[in-house]
Structures are given as structure tokens and as C-alpha cells.
Asks: 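A single structure is presented below for examination.
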Amino acid sequence: MSETTIRLDGVGKSFGAVRALNSVTLDIAPGECLGLVGHNGAGKSTLMHILAGTLTPSSGTLDVGDRQGIRCVFQELSLCSNLTVAENTRIAHRNLKGWGWRKRASDMIRAKLDEIFPGHGIDSDAEVASLPIGQRQMAEIARAFTVTDQPLRLVILDEPTSSLDAVTARQLLDYVKAETARGTSIILISHLLGEILAASNRVVVMKDGQIVANRPVAQFSRDSLVAAMGSEVHKHASAARTTATSGDVVLQAKPFGGAQEMLAHRGEILGLAGLAGHGQTRMLLQIFSGTDADVKGKLAFIAGDRQSDGVFNLWSIGENITVRSLAALRKSGLIDLAAEQRLAADWKGRMAIRTPDVNNNILTLSGGNQQKALFARALASDASIILMDDPMRGVDFGTKQEVYAMIRAEAEKGRTFIWYTTEFDELTHCDRAIVFRNRAISAVLGRDELSEENVLRASFAENAA
Amino acid sequence: MSRITSFLRARPWAWSFIAAAAVWLATVAYTGGQGAGEILTAALSFATFAIIVGLGQMMVISTGPGNVDLSIPATITLSGVVAMKVMDTDSSRMLIGIVAALACALAVGVFNFVLIRLLRIPPIIATLSSSFLVLSTAISYGRGIRIKPPPPLADFATARIAGIPIAAVFVLLITVLIAFALRRTFYGRSVLAVGQNERAAWLAGISVDRTRFITYVLSALLSGVCGIVLSGFSGGAALNMGEDFLLSSIAVVVIGGTSVAGGRASVPGIWGAALFMFLLVTMLNTFGASAGLRFMLTGLIIITVIVLAGGEKESR
């Protein structure tokens with residue numbers, strides 16, 4: 001129950017050229033529950049890692065006092081799955097040692113689970129791997145609140161209710177109130193705005209690595225929170241296209257989690273929006289494999305996760321570009337090597353891939369240029385429908401503009417693009433956007449309804465709390 | 001010097017030829033130049049069989065981590081036994097014997113793929129367990145005395161022109177076809193793509209299942225060819241005729257510079273490695289090494305060559 005405030009003054013963090021955090025100044029008072037919201041990539045996680053000490057800031061000063069009293073529950077659960085709940089508790093408490101530590105750890109975690117989640121039904125001597133995901137999350141949360149010798153000062157909860165049902169989520173929010181009353185500070189990160197409004201004393205909104213709002217909770221409503229998180233979409237001069245959604249329907253597919261179908265037309269650029277991990281990539285893969293999808297035309301896929309979905313590490317840049325076109329490059333059954341070279345050289349030029357020789361290994365390229373080779377692979381192919389899985393990761397600003405222009409030109413020629421993106425700005429290049437939530441379509445936004453606010457509202461449409 | 005190292009880095013198979021040449025020179029130096037040509041001829045004759053199955057194993061291993069064909073010895077035995085029994089020393093029945101033997105090999109390849117794909121058994125277990133079934137079939141079918149091969153087959157397998165075995169020329173032809181397929185056919189490129197990154201290959205429009213199916217069948221067919229020629233070479237089929245090829249089919253692939261992680265096949269290396277393996281044993285015999293010492297040195301020398309040839313870092 002230390003009385004010192006945790007204070008950040010002008011804290012910034014850069015990863016190479018990327019500024020993840022830009023001069024954040026924030027005080028956290030004892031006994032305060034701070035709600036933290038912002039869309040993916042706003043800098044929330046970076047900020048929490050800095051508070052937890054797993055990242056050091058590039059600039060600014062940070063006064064957290066004794067780090068021992070700071071605990072984190074991160075989104076990616078961190079319990080060791082081959083150990084029991086009690087053994088995992090021991091990992092967080094060095095001084096649980098000597099004879100009978102297992103029993104003491106077991107008693108301690110059971111008491112805390114009983115306190116936070118009455119009727120939880122978790123055996124503290126059960127191996128974590130045997131627990132369902134919800135119980136794992138409960139065990140992880142309870143562990144963060146256990147105390148041995150060091151008093152608790154700050155607990156960071158990052159999406160703590162993502163695997164909890166409505167009842168246990170309510171129990172947790174009640175406990176948060178009780179714990180803050182004892183003087184512990186809590187930072188609550190959640191995409192469920194209802195939870196934030198119900199549990200916090202103060203709400204901080206982050207956007208593009210900065211704090212854009214920091215006010216007592218009473219001054220926020222759901223709508224004003226959404227408005228604070230987003231900004232109006234800037235209209236693009238080149239964006240005026242009216243014919244896009246009047247072409248023939250070339251694609252019809254039903255998402256895994258809902259009944260509403262999605263449609264795509266010839267020559268259309270269709271954006272898939274929503275929070276990360278809400279079924280957009282799965283939708284693309286489903287279309288690619290033809291499950292519950294009616295596709296008229298050939299498909300090509302542009303990976304966003306280069307290493308696992310895109311690049312062939314042992315091959316040259318040229319071979320990486322032409323792999324999707326090998327079947328078309330055959331002359332009486334054999335691949336025409338001269339034509340293959342020409343295709344690679346042609347697309348090296350058109351995508352401005354920075355390399356002296358397309359026969360160099362693909363890994364000699366920077367990440368952004370590798371991504372250009374993957375674009376070239378799809379655009380050089382005979383595909384009429386191109387699926388894009390958030391493909392602009394690691395691509396610099398200038399190149400992005402070139403690629404956007406190329407996508408638009410290809411769409412004019414009749415190609416259809418299904419474009420999953422986590423960047424709001426990229427949606428402005430789309431003719432329509434489909435917002436996903438929980439693997440189902442939550443809204444279909446036409447060109448004129450395409451504002452960041454509308455996308456956010458559809459992404460966050462309330463389900464729990 | 002740096003040109004030499006860059007040459008070697010681009011051609012991992014060169015190591016196996018260097019090793020083979022070194023071992024041959026050491027042997028010849030020991031004998032004072034006696035029998036230099038004969039040793040090479042013998043090496044070519046015996047290496048032929050390891051090369052045939054090595055090529056098949058190379059294709060299988062190139063389709064990605066975990067892929068290996070352990071049913072090669074059993075398939076060699078089965079096709080050898082079937083060929084000899086169907087031919088029954090009758091030259092006019094040679095063609096039907098070859099067809100029957102290859103049909104059996106084909107069935108083994110299909111069966112392997114079914115175990116791996118449909119029953120989702122890891123290739124190492126699937127091909128090992130199928131080899132028990134195949135070998136049992138060969139034993140029950142081939143019960144009885146040894147049948148001699150028809151004379152034309154025996155001639156084909158043993159004849160030499162100017163010290164070069166005809167069978168070796170035949171295998172060279174197969175080798176060239178496979179090298180050509182890897183570079184110029186959709187199937188060949190698919191093997192290398194699937195071996196590097198199965199998921200990326202699928203997303204680039206390549207059928208992973210089709211590629212692996214063809215590859216396991218190809219490996220089985222090459223084992224079948226090996227079984228037929230080997231029966232002709234050694235005067236009939238025997239139930240242990242495939243035994244040596246479990247290790248050697250894998251060893252020639254690895255020593256030859258093919259990536260064990262998949263995605264990179266080294267065709268010439270199969271030749272260098274197979275010659276090296278035979279010449280190594282010849283050298284140790286010439287030196288009069290005892291059986292125990294011979295095995296130990298064989299193991300150590302193979303490890304040395306692999307370490308030298310595998311100097312570059314795998315990215316996975």
C-alpha cells in the first residue's frame with residue numbers, strides 16, 4: 001500500500017523507424033482504476049510493457065518505484081501448461097520455498113480464486129494444460145493478485161475478460177472495485193467499452209502512440225469514447241468510383257460465425273475491417289479453400305505473415321515471383337525458362353523491387369521489398385480475384401502509395417480485391433467495407449458510410465457486460 | 001581461395017565428389033597404382049543401386065521435414081522376388097515380369113501415401129510399418145529356392161563397355177530425367193516449394209497432396225527398378241537383398257548435399273555420395289582394417305563429410 005504515485009513523463013518508444021509510443025505523460029494514483037482504450041496498434045501494449053519493465057523507453061522518464069509490486073496479466077496467457085496451478089503460483093513468488101511449498105502455494109492460490117471467483121471449480125493441483133481456456137485465464141488473474149512479502153501496487157489487466165463468460169467477468173469487475181478500495185492501482189485494458197465504463201475511475205484513450213483523451217469516467221459515454229478513439233476519414237481525390245459495386249457478382253461466401261453472406265463484384269475493392277482476430281483472415285482462407293464459398297474466377301493470395309505464408313526462403317526473388325504462374329508458363333508441358341526470366345524482370349521493374357539481380361536470394365531483400373515480391377507474385381498471375389491478408393506490414397509509406405495506385409488500376413481492369421486491413425486509412429481505398437466481429441459480419445459499409453467512427457462502432461457493438 | 005569457397009557453397013554436391021576422389025586416391029596410393037581402374041568400375045557397378053533408390057529418397061526428403069521413405073528395402077525385395085518368380089528364368093516372360101514387379105512397387109507407394117495422408121500417420125512410422133507388410137508378402141510369395149534371372153536381364157545388369165557398366169548408363173539417364181524434372185516441370189518445382197514452406201506453397205496454388213502422392217509413388221517405383229536390376233546383377237532375388245539400402249538411401253541423400261529440412265535437392269550429389277560410400281569401404285578393406293574398425297571409421301568419415309558439406313546455416 002505504498003503512497004507513491006506511478007509517473008510517466010514524456011515517455012516514447014521507437015522500434016527502428018517505427019514510433020510505437022510518442023511522448024506519453026501519465027500519472028497513476030494509488031487506489032485508482034484506470035481504463036485504457038484504443039484500437040490495435042495504438043500503443044497500449046507497448047506502454048504496458050514499459051510499465052512492466054519488459055521494454056525500456058527510448059526517451060522520457062519513468063518513475064515506478066519498486067517493480068516488485070507491479071504485476072501483469074497479458075493477453076497471451078503466460079502460465080506454463082505442463083505445471084499445476086500451484087506450481088505456476090510458485091514461479092511468481094520466489095520466497096515460497098523449503099519443505100511444503102507446494103501445499104502453501106496451493107492454499108494461497110485456492111484462497112485467492114475463492115475470493116475473486118466464488119464457485120470457480122478449479123483444482124489448484126490440476127495441470128494447467130487440462131483446464132479449459134476460461135479457467136486458465138481465471139488462474140492467471142488470481143495469481144497476479146496473490147501476495148507474499150511484497151505489497152501489491154499496480155496490476156495491469158490486458159483484455160482480462162476475453163475468455164471469461166458474463167458471470168465470471170462480473171465477478172472480476174467487482175473484485176477490481178474491492179482491490180482498488182484497498183489502495184492497489186489497476187490498469188484495465190478492454191475492447192468491451194461497457195466494462196471500461198463500469199469499472200474505471202478514469203479513462204485514457206490512445207491513438208497512434210499518443211494519449212488523445214484523459215478524463216474522469218463520468219465525462220465519457222460510449223459514443224464519445226468511440227469518437228475519441230477514431231477520427232474522420234480523409235476523403236481521397238482518386239476515390240470517386242461509382243461503377244465498382246454494379247459489376248457481376250464474382251464471389252459469394254458465408255462466414256464461419258454468422259448467417260449473413262458476403263458478396264464481391266467484378267472490379268471491386270472490398271475491405272474487410274474490424275478488430276484483429278475477429279475472423280477476417282479465416283474468411284480469406286475459407287474463400288481460398290472454397291469452403292462455403294462460391295467463387296467465379298481464379299484466386300491468388302497475398303500473405304501478410306511473410307515468413308509463414310509467403311516467402312520461399314531458399315529461392316531467388318525471381319522464383320518467388322513466378323511460382324504462382326508456373327502452370328501458365330508451360331510450353332508443351334515444360335516450364336519456359338526464358339519466359340520465366342522475362343516475367344520476373346518485368347515485375348521487378350513494375351513493383352520497383354530494389355535489387356540488382358532477380359536471381360539473388362529472396363532474403364537479400366528488406367521486409368518491405370519481400371512484400372513487394374509477394375504482390376508481384378499475385379498480380380503477375382492469371383488470378384481475377386486477389387485475396388490480401390493485411391499485406392502492407394513492413395511496407396514503407398512511399399511504396400504503399402505506389403501499391404495502392406496499382407491496386408486501383410488493376411481493379412479498373414476488372415480484377416476484384418478482397419482486402420483485410422488493420423489500418424483505417426487503407427479502408428479509404430476500398431469501395432465497400434465489411435466489418436467483422438466474432439467471425440460474423442457486423443456491418444457492411446458503403447463508400448459514403450465509410451468513416452472510422454462507423455467502423456469502430458460496428459467493431460465494438462456490445463455483447464457482454 | 002575465396003572463389004573456391006564460393007564455388008563450393010553454391011554447389012554442396014561438390015564435397016561428395018571431392019571425398020570420393022580423395023578416398024580413391026588414398027586407396028590407389030596404398031596399392032601403388034594397382035587396380036585403379038577396376039576399383040572405379042566396381043564402384044560404378046555397386047553405386048548404381050544406391051543411386052536409383054537415393055534419387056527416390058531425395059525427392060521424398062525434399063518434400064519437407066519429416067518426409068522419408070523407410071519402405072525402400074522391403075519394396076526392393078518384393079519387386080525382386082515378384083520379377084524373378086513371374087519371369088521364371090524365361091526370357092520371353094521378361095516384360096511381363098518387369099510390369100508385375102513395377103505394379104507391386106506402385107501399390108506400395110500408393111499404400112504409403114494413404115497411410116500418411118488419410119490416416120495421418122507420420123511418414124517415418126507409416127513407411128516403416130508398411131515395409132513389414134511388404135516384406136512379409138515378399139517372404140510368403142517368394143518361399144522356396146532361388147530362381148535365376150533370365151539371361152538378357154543378367155547381361156543387362158552386369159555387362160560393361162570399356163569398363164563402364166551399362167546399368168550405370170541407364171541410371172545416369174534416370175538421373176538426368178529427374179534433374180530435368182526438378183527444373184523444368186511444374187511437379188518438380190512443386191516438390192521444392194512444398195518442401196520449403198507447405199503453407200506458402202498451398203497459398204501459391206500448389207496442391208500439396210498431389211505433389212507428395214507423386215513423390216511417394218515415384219520413390220516406390222525407383223525401388224522397384226532397383227529390385228529388378230539388382231536381381232539380375234546378383235543372380236536372383238534374395239529376401240535380404242534390400243537390407244543395405246535403408247541406411248545407404250538416406251546417407252547418399254544427406255552426404256550429397258540435399259537439405260534434410262526439405263526444399264533443396266542435390267541431384268549430382270547422389271552420384272558423388274554413392275561412389276564415396278563404396279570407395280570408402282574398398283579403401284578400408286585394402287588397408288586391411290578389421291570389421292569393427294571399418295564400421296567405426298565409416299561412421300566417423302561420414303560425419304566429417306556431412307559437417308564439412310553442411311557448413312552453411314539453415315534458416316529454419
Side-chain angles (χ1 to χ4, degrees), chain A residues 281 284-285 287-290 298-316 318-340 359 361-364 370 373-374 376-378 380-383 385-389 391, chain B residues 6 9-13 58-59 61-65 67 176-211 214 257-267 269 310-316:
Chain A
T281 299
L284 292 177
L285 292 175
I287 294 169
F288 190 78
S289 61
K298 291 183 179 165
L299 294 167
F301 189 96
I302 305 177
D305 186 347
R306 279 190 296 282
Q307 267 318 308
S308 74
D309 297 352
V311 165
F312 295 104
N313 284 342
L314 301 174
W315 272 355
S316 70
E319 285 169 311
N320 267 284
I321 292 175
T322 57
V323 59
R324 173 64 183 76
S325 306
L326 289 177
L329 284 167
R330 281 182 296 188
K331 242 190 227 163
S332 53
L334 295 177
I335 296 166
D336 182 346
L337 294 183
E340 189 189 7
N359 295 316
N361 183 275
I362 183 83
L363 297 182
T364 60
Q370 287 179 31
L374 297 186
R377 181 192 291 173
S381 77
D382 54 4
I385 302 171
I386 307 222
L387 308 173
M388 302 198 283
D389 182 21
Chain B
S6 72
R9 190 160 298 136
R11 293 164 187 80
W13 48 264
M58 175 193 77
M59 295 301 272
I61 288 178
S62 293
T63 61
N67 284 287
V176 170
L177 278 177
I178 287 192
F180 187 76
L182 278 170
R183 184 144 177 74
R184 295 289 303 274
T185 67
F186 186 73
Y187 160 71
R189 294 285 186 96
S190 301
V191 167
L192 302 179
V194 169
Q196 288 176 68
N197 190 336
E198 191 177 327
R199 193 173 151 88
W202 173 60
L203 290 171
I206 291 168
S207 165
V208 177
D209 284 344
R210 184 172 162 274
T211 306
I214 297 174
T258 292
S259 167
V260 191
R264 184 175 51 218
S266 167
V267 179
E312 69 181 301
K313 263 198 184 145
E314 287 290 340
S315 53
R316 254 181 297 198

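Order of the sequence lines fixes the chain letters, A, B, ..., with proteins taken first and strands second; residue numbering starts at 1 for each chain.
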Asks: Identify whether the distance between the nearest side-chain nitrogen and carboxylate oxygen of A:E340 and B:R189 falls below 4.0 Å.
Replies: yes

Asks: Go through the atoms of A:A300 and report whether side chain, backbone, both or neither lie under 4.5 Å from a heavy atom of chain B.
Replies: neither

Asks: Given that the side chain runs from C-beta out, which part of B:A201 has a heavy atom under 4.5 Å from chain A: side chain, backbone, both or neither?
Replies: both

Asks: Quick one: which of A:L374, A:L285, A:L326, A:I335 has the most heavy-atom pairs under 4.5 Å with chain B, could you say?
Replies: A:I335

Asks: Could you check whether any side-chain heavy atom of B:L192 comes within less than 4.5 Å of a side-chain heavy atom of A:F312, counting everything from C-beta outward?
Replies: no

Asks: Report the distance from atom CZ of A:R377 to atom CG of B:L203, rounding to the nearest 0.5 Å.
Replies: 9.0 Å

Asks: Within the structure provided, determine whether A:F288 and B:W202 are in side-chain contact (heavy-atom separation under 4.5 Å).
Replies: yes

Asks: List the atom of A:G310, the atom of B:A200, and the distance in Å for their closest heavy-atom pair.
Replies: O-CB, 3.6 Å

Asks: Could you walk me through whether B:T185 and A:L334 pass the side chain to side chain contact (heavy atoms under 4.5 Å, CB included) test, one step at a time?
Replies: CA-CA 5 Å; B:T185 67; A:L334 295 177; 3.9 Å; yes

Asks: Give a yes or no answer on whether the side chain of A:D336 reaches the backbone of B:R184 with a donor-acceptor pair at less than 3.5 Å.
Replies: no

Asks: Determine the minimum heavy-atom distance between B:A204 and A:R324, stating which atoms define it.
Replies: O-CD, 3.2 Å

Asks: Spell out, as yes or no, whether a donor-acceptor pair under 3.5 Å connects the side chain of B:R199 to the backbone of A:D309.
Replies: no

Asks: Which region of B:I206, side chain (C-beta onward) or backbone (N, CA, C, O), has a non-hydrogen atom less than 4.5 Å from a non-hydrogen atom of chain A, or is it both or neither?
Replies: side chain

Asks: Counting only non-hydrogen atoms closer than 4.5 Å, does A:S381 touch chain B with its backbone (N, CA, C, O), its side chain (CB onward), both, or neither?
Replies: neither

Asks: Which heavy atom in B:Q196 sits nearest to a heavy atom in A:L314, and how many Å separate them?
Replies: OE1-N, 2.8 Å

